[in-house]
2 protein chains.
Amino acid sequence: MEAIHPQTGALIRKLESIAHLTPEETAALQRLPLRLKTVAADQDIVSEGDTASECCLIVAGFACRYNVTAEGKRQILSFHISGDIADLQSLHLTVMDHSLSALIPCKLAFIQHDDLRALMGGHPRLGDLFWRDTLIEAAVFRQWVVNVGRRPALTRMAHLLCELLVRLRAVALVEDHAFNLPVTQADLADAMALSNVHVNRVSQELRKMGLIAFQGKTLRVLDWEGLKTTGEFDPTYLHLAKKDAL
Amino acid sequence: MEAIHPQTGALIRKLESIAHLTPEETAALQRLPLRLKTVAADQDIVSEGDTASECCLIVAGFACRYNVTAEGKRQILSFHISGDIADLQSLHLTVMDHSLSALIPCKLAFIQHDDLRALMGGHPRLGDLFWRDTLIEAAVFRQWVVNVGRRPALTRMAHLLCELLVRLRAVALVEDHAFNLPVTQADLADAMALSNVHVNRVSQELRKMGLIAFQGKTLRVLDWEGLKTTGEFDPTYLHLAKKDAL
DNA sequence: CGATACGTTGACGGAAATCAACCCCGGTGG
DNA sequence: CCACCGGGGTTGATTTCCGTCAACGTATCG
């Protein structure tokens, strides 16, 4: 009998936010064999071109997936937080078509593909749930396209912050509409396809509007309704099971 | 014994482009019960907010998924061609977070979710293959983000055309580097997050560069290497099984 | 043959990029 | 203890890519 791994706590919370888990399924998740590791800030966890045989669960920290264009511009494709398996797709797409990198020092737990396959074999509903998770991820990418493609900078930033708040709340990392956002403005710029200078200006504007406030690296949402409105934020695309408190 | 449906031909070709199919699997796919339908151009096939109980296979035509922002701007999220199941995600995400629309008159084949589930139950490898297909779709969304976010208009258009050519070739719709592209410049604009005016200019530039030529609605790629280069196109993200002739 | 949709062109405007400072703060080492 | 350093945040001046507007050409079709 394998030990119960507390590092799966956030993962279980996250999965419970998108579907119901039975006690057996929870227990099976907690018994997943993990290879723990910590990485420093700005370090690649998996690089474009790698072929993976394990998936990376974020236990604590902030990571992102990104691509770099020929002109050397970085585009961040998604942010990843506690509870995310940031490269679940590697289960069926062995070659990485992008890189995964730590934005701040991260605690990671690697899970062998074979162990995941065994888990899904024994618990088909978990297989479906992981599939569902990757589909939600794809929905987030779609919104990212809309955001980057068609929304002006102010709306764009508001939308991104709304998404982060809702996702962080699902893993209990939001308290009283405030959460830790330990990334730089340059990171946000690469996520929103803006320049760091413009992110700075837009951030100031959101503060002047009384929607948000920064206390060091923690972001406090002062006017949630206002932020949702200026961000045109509709959480449907996150496909949460519990629609409360949105 | 159900009849064999020729409408699944492109689907089978497409799946074979990303993995091997056994004769039994092919036969099972061909026996899928289909509800055939044709839709006119510019008509929604599935709309945002709908809850689906079937998936939509494109038999012939050109479709797209899109979202509309509060300011009324449309962002096309993906193009869909023969062989694509354009809303496979509805299997696990019942509420549509975007719309699916025909860009030209389309022949469609709807497949009940229950029939797909039965198919995957009897053929687990097909289940994995469908999952893989949605993961590749997600990879395409990621490239779409990079394209829209960080590439200048000329590169952006070249990249999109490269992607379309490779995907169309997988379903045998490319002959001698030429294919039917029956969409308007306004459609391309909404896909690339540009204005239709600018698409027109960029399109002219690609023609002046000798990379492409239009003969009515068919696009001929005159310089495939050149187009790939100006589009910074690397087909890795399409995760094709056969890497030949890229 | 007019209606209509799509492609094309030119003039102008604007949102955001770029460039270049400067500030602030925490860390570090002489 | 303080000078130094470097990363990140902030600001202003200037530029640029692309959007918007408006007109006109062109092809298809009932």
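- Taking 4.0 angstrom as the limit, A/Gln204 places none of its side-chain polar atoms (N or O) nearer than this to OP1 or OP2 of D/dG9.
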Just list the side-chain donor-acceptor pairs under 3.5 Å for residues 203-210 of chain A, sequence neighbours left out, or say none.
| residue | atom | partner | partner atom | Å |
| --- | --- | --- | --- | --- |
| A/Ser203 | OG | A/Arg207 | NE | 3.3 |
| A/Ser203 | OG | A/Arg207 | NH2 | 2.8 |
| A/Gln204 | NE2 | A/Asn200 | OD1 | 2.4 |
| A/Arg207 | NE | A/Ser203 | O | 3.3 |

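- Side-chain contact between A/Leu36 and A/Lys107 is absent, with no heavy-atom pair separated by less than 4.5 Å.
- Running 5' to 3' along DNA chain C, contacts with non-hydrogen atoms of chain A at under 4.0 Å begin and end at C/dA16 to C/dC19.
- Applying the side chain to side chain donor-acceptor pair (under 3.5 Å) definition to pairs two or more places apart or across chains, those involving residues 173-184 of chain B are B/Thr184-B/Asp187.
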Its contact letters, B for base, S for sugar-phosphate only and - for none at protein heavy atoms under 4.0 Å, make nucleotides 18-30 of chain D read SSBB---------

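- Look at B/Arg65 and B/Asp87 and you find no salt bridge, because none of the NZ, NE, NH1 or NH2 atoms lies under 4.0 Å from a carboxylate O.
- Between the side chain of A/Arg220 and the backbone N or O of A/Ala213, no donor-acceptor pair lies under 3.5 Å.
- By the 4.5 Å heavy-atom criterion applied to side chains, A/Val166 and A/Phe233 are counted as neighbours.
- Contact check for B/Ile18 versus B/Leu240: side-chain heavy atoms found under the 4.5 Å cut-off.
- At the phosphate of D/dG9, neither OP1 nor OP2 sits under 4.0 Å from any side-chain N or O atom of A/Asn200.
- Ring-plane geometry between A/His159 and A/Tyr237 is classed as parallel, the angle between the planes falling under 30 degrees on a 0 to 90 degree scale with a further cut at 60.
- Over its full length, the helix from C/dC1-D/dG30 to C/dG30-D/dC1 turns its helical axis through 30°, comparing axes from the five pairs at each end and rounding to 10°.
- Pairs engaging residues 50-59 of chain A under the side chain to side chain donor-acceptor pair (under 3.5 Å) rule: A/Arg35-A/Glu54, A/Glu54-A/Gln112 [sequence neighbours left out].
- With contacts defined as side-chain heavy-atom distances shorter than 4.5 Å, the pair A/Phe179/A/Leu164 qualifies.
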